[in-house]
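Structure record follows, encoded as structure tokens.
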Amino acid sequence: MPIDVSQYAGVSATDYLLELVDLFENSNIGIMVTGFDGTVHRANRAQRRIADWPDASSSPSGLSARALLDAATWDRLTATAADGYALHNVPVTVRRADGSTADCLLDVNGEPDGGMLRIVTRPAFQASLPGPEGTDAWEWHRQWSQADVTPLVEPLDEAGVQSLTKELDDLFELLPVPVHAMARTAEVRRTNQVHLQFLGCEDEPARFVGQNLLTIFAVEADLVAMGDAMTGQSGILNFPTTIHRLDGSILPMTVYSSMVMRDDAFVGTRCFVFFADASDAPDSAPAGEPA
């Protein structure tokens with residue numbers, strides 16, 4: 001379960017899993033879990049679009065994340081994960097399945113003992129949303145759509161629900177990218193470890209979880225612009241802003257977010273925040289350590 005389970009009091013196991021699966025599948029950034037050999041264990045819709053892989057209804061069997069990257073980059077990712085650190089904002093050229101290439105940025109960490117990598121991928125946009133129509137960010141979002149994730153959960157028995165819930169809970173808790181899901185009323189519904197660490201409340205999650213999310217954004221004009229984008233386009237991409245830590249200091253960061261809709265009603269957001277400066281990330285290798 002998430003860091004503060006009280007946010008989900010009264011939510012059934014199946015409804016909770018539906019929320020997790022939606023957060024994974026319908027996010028507007030790529031997320032995948034692989035082995036150190038590149039074998040893809042799980043990849044969301046955005047990741048499949050970036051890589052030109054078959055859609056999410058297809059089995060990941062035979063997909064290789066290693067095939068997307070050059071050998072030196074892959075060795076760097078696995079070596080850093082094996083040392084217990086994360087990499088942020090790594091520029092790469094992804095070799096797509098159709099033979100084309102795409103410039104992207106990666107955030108990566110992993111489990112050294114299990115040989116697992118958690119990889120977050122986003123196109124290296126020149127523009128942002130909110131922003132003018134016709135830009136690279138606008139065109140990416142124009143092709144984004146939300147999928148009904150119910151068919152991915154309905155066939156599962158109780159054991160299957162428990163197993164997938166644990167897998168996705170662990171994934172989001174341990175991603176290298178700060179995550180928060182916001183309720184319709186703007187309270188933080190869930191977050192993850194790296195988010196609490198950079199905010200400075202890893203030992204007091206209730207200072208953030210369950211609180212009004214909007215207070216962490218330092219610039220009112222940015223909040224207005226993001227609110228307009230969410231209501232007008234249902235998404236935010238590559239948007240630069242500054243975020244308050246709970247000690248009053250601020251960090252430059254970049255926001256990606258999408259609107260969660262159920263039965264045509266807005267119920268919350270899926271939001272990922274990226275460090276503008278990788279050295280600000282609490283899970284990066286210290287200066288002097290290999291990365």
E25 with R42: basic N within carboxylate O range, under 4.0 Å
no

salt_bridge(D247, R245) N-O dist < 4.0 Å
no

Scan side-chain atoms only and decide if [X] and [Y] contain a donor-acceptor pair under the 3.5 Å cut-off.
X    : Y    : value
N238 : S128 : no
N28  : S258 : no
T73  : D70  : yes

Are R122 and F274 in a cation-pi setup, meaning NZ or CZ lies under 6.0 angstrom from the ring centre and within 45 degrees of the ring axis?
yes

Does NZ or CZ of R45 fall inside the cone over W53's six-membered ring, less than 6.0 Å from its centre and within 45° of the axis?
no

Are F239 and V219 in one and the same hydrophobic cluster, where Ile, Leu, Val, Met, Phe, Trp and Tyr link if side-chain heavy atoms are under 4.5 Å apart?
no

For the CZ atom on R184, are there more than 12 heavy atoms of other groups (residues, nucleotides or ligands in this structure) within a distance under 6.0 Å?
no

Can you spot which of L105, V177, D283, D280 makes a side-chain contact (heavy atoms from CB on, under 4.5 Å) with H88?
D283

How are the rings of F198 and F275 set relative to one another: parallel (under 30°), tilted (30 to 60°) or perpendicular (over 60°)?
perpendicular

Angle between ring planes, F208 versus H195, binned at 30° and 60°: parallel, tilted or perpendicular?
tilted

Hydrophobic cluster (4.5 angstrom, side-chain heavy atoms) - remaining members for V267
V260

Please report whether the ring centroid of H141 lies less than 6.0 Å from that of W138.
no

